[in-house]
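Structure, as structure tokens:
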There are 2 protein chains.
Amino acid sequence: MKKGDILTDDQKAVARLAKAMGHPIRMYVLELLSRQTCCYSGDLTEVLPIAKSTLSQHLKELKDAGLIQGEIEAPRIKYCLDQENWKLAQDLFKKFLNT
Amino acid sequence: MKKGDILTDDQKAVARLAKAMGHPIRMYVLELLSRQTCCYSGDLTEVLPIAKSTLSQHLKELKDAGLIQGEIEAPRIKYCLDQENWKLAQDLFKKFLNT
DNA sequence: CATATTGTTCGTAAAATGACGAACAAATAT
DNA sequence: ATATTTGTTCGTCATTTTACGAACAATATG
């Protein structure tokens, strides 16, 4: 924790999360997963108007931010919210927005 | 509201807000303003380790996203949260985060 | 009027983002 | 063993983001 560093860890953390949420496609995925526990990316490809490689990138960003996790299941991959980090995100945003 | 459009307005709106919040400097400003009603950008320039032109850009982004507003006051500019949109942002994030 | 003070705008540059199709890897099914 | 399904990775490209300093505009102060 360097001294001259003005920005707090929480500010950095919530900015990191917000950045990951800063695209409509990614919010679509997050909302879906917050409603139905899991989904397969194939389902998303069918519905979303983007190439599967692009979707893959978006999912990777959500994964890198810790918001979702993917579990290999036969030929497909099952995506779910990362419950632990999701709770953390809830708390962080609550902290920054509610007061 | 076009038919083939999968993404909802709320998803787009919250993504827009999240994008604006997706930088530590901007979260710093937002947190400050959520605590102390207003500030002058000069105060920020003193504290933050970035050029004033860069700060100006960040403030503009927050303004464009509707999160803050600037009021000219003599030689300086007073920045505050845009209360109305801030409430909207609170509601949107609450909705998406299930809080 | 001259001169600070304050912030934006401009020009520039490096890096990141978002998108695509093609190629690839892994696993299942034929 | 070959084909099919599923998703990632690669190469590419255009656009956006982040950052800086210099120049500029507007407004106070001497």
Side-chain angles (χ1 to χ4, degrees), chain A residues 4-7 11-30 32-33 38-80 82, chain B residues 4-7 11-30 32-33 38-80 82:
Chain A
D5 204 352
I6 297 304
L7 305 167
Q11 281 159 1
K12 291 175 190 167
V14 80
R16 177 78 185 79
L17 292 169
K19 193 177 179 188
M21 295 165 63
H23 192 289
I25 294 278
R26 297 197 288 267
M27 283 313 306
Y28 175 92
V29 174
L30 288 177
L32 189 72
L33 290 181
C38 75
C39 76
Y40 298 91
S41 48
D43 309 344
L44 300 171
T45 322
E46 304 251 310
V47 175
L48 294 172
I50 56 174
K52 59 179 180 168
S53 56
T54 306
L55 175 62
S56 188
Q57 280 183 117
H58 284 305
L59 292 173
K60 178 167 160 38
E61 283 190 64
L62 290 173
K63 231 187 304 178
D64 289 348
L67 288 168
I68 68 173
Q69 56 184 49
E71 190 186 337
I72 298 173
E73 192 167 282
R76 299 180 295 172
I77 296 182
K78 188 175 73 175
Y79 283 102
C80 320
D82 184 316
Chain B
D5 204 353
I6 298 302
L7 305 168
Q11 281 160 1
K12 292 175 191 167
V14 80
R16 176 77 185 81
L17 292 169
K19 192 176 179 188
M21 294 165 64
H23 192 289
I25 294 278
R26 297 197 288 268
M27 283 312 307
Y28 175 93
V29 174
L30 288 178
L32 189 73
L33 290 181
C38 74
C39 76
Y40 297 91
S41 47
D43 309 345
L44 300 171
T45 322
E46 305 251 308
V47 176
L48 295 172
I50 56 173
K52 59 179 179 169
S53 56
T54 305
L55 174 62
S56 189
Q57 280 184 116
H58 284 305
L59 292 174
K60 178 167 162 34
E61 284 190 61
L62 289 173
K63 231 187 305 177
D64 289 348
L67 287 169
I68 68 172
Q69 57 184 50
E71 191 186 336
I72 297 173
E73 194 167 280
R76 301 178 295 172
I77 296 183
K78 188 174 75 176
Y79 284 101
C80 319
D82 184 316

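By convention in this document, chain letters (A, B, ...) are assigned in the order of the sequence lines, proteins followed by strands, and residues within each chain are numbered from 1.
- Going from atom CG of A/L30 over to atom NE2 of A/H58 covers 12.0 Å, rounded to the nearest 0.5 Å.
- OP1 or OP2 of D/dA19 has at least one side-chain nitrogen or oxygen of B/H23 nearer than 4.0 Å.
- Separating the CG atom in A/L67 from the SG atom in A/C80 is a distance of 13.5 Å, to the nearest 0.5 Å.
- The residue B/S56 sits close to a base: some heavy atom pair falls under 4.0 Å.
- Put simply, the side chain of A/T54 and the base of C/dG18 share no donor and acceptor less than 3.5 Å apart.
- Remark: C1' of C/dG7 and CD1 of B/I68 are 13 Å apart, rounded to the nearest angstrom.
- Residue A/H58 places at least one side-chain N or O closer than 4.0 Å to OP1 or OP2 of C/dA19.
- The distance from atom NZ of B/K52 to atom C1' of C/dA4 is 12 Å, rounded to the nearest whole Å.
- In this structure, the CD1 atom of A/I25 is 17 Å from the P atom of C/dT17, given to the nearest Å.
- If you measure from atom CG of B/L44 to atom P of C/dT6, you get 13 Å, rounded to the nearest angstrom.
- Atom CD in B/E71 sits roughly 18 Å away from atom P in C/dT6 (whole-Å rounding).
- Heavy atoms of B/E61 sit under 4.0 angstrom from primed sugar atoms or phosphate atoms, though from no base atom.
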*Yes or no on side-chain contact (heavy atoms from CB on, under 4.5 Å) for B/L44 and B/L59, after CA distance, side-chain angles and deciding distance?*
CA-CA 10 Å; B/L44 300 171; B/L59 292 174; 4.3 Å; yes
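- Contact between the side-chain N/O atoms of A/R26 and the OP1/OP2 oxygens of C/dG18 is found at a separation under 4.0 Å.
- Remark: P of C/dT6 and CG of B/D43 are 10 Å apart, rounded to the nearest angstrom.
- The distance from atom CE of B/M27 to atom P of D/dT18 is 14 Å, rounded to the nearest whole Å.
- Comparing A/A51 and B/S53 against DNA chain C, the residue whose closest nucleotide sits nearer the 5' end is B/S53.
- Mapping A/I50 and B/T45 onto DNA chain C by nearest heavy atom places B/T45 at the nucleotide closer to the 5' end.
- Summarising the geometry, the separation between CD on B/Q57 and C1' on C/dT9 is reported as 9 Å, rounded to the nearest angstrom.
- Rounding to the nearest 0.5 angstrom, the gap separating the CD atom in B/Q69 from the CG atom in B/L33 is 10.0 Å.
- The heavy-atom pair separating A/S41 from A/L55 by the smallest distance is O-CD2, 3.7 Å.
- The residue among B/K19 and B/E73 whose nearest nucleotide of DNA chain D lies closer to the 5′ end is B/K19.
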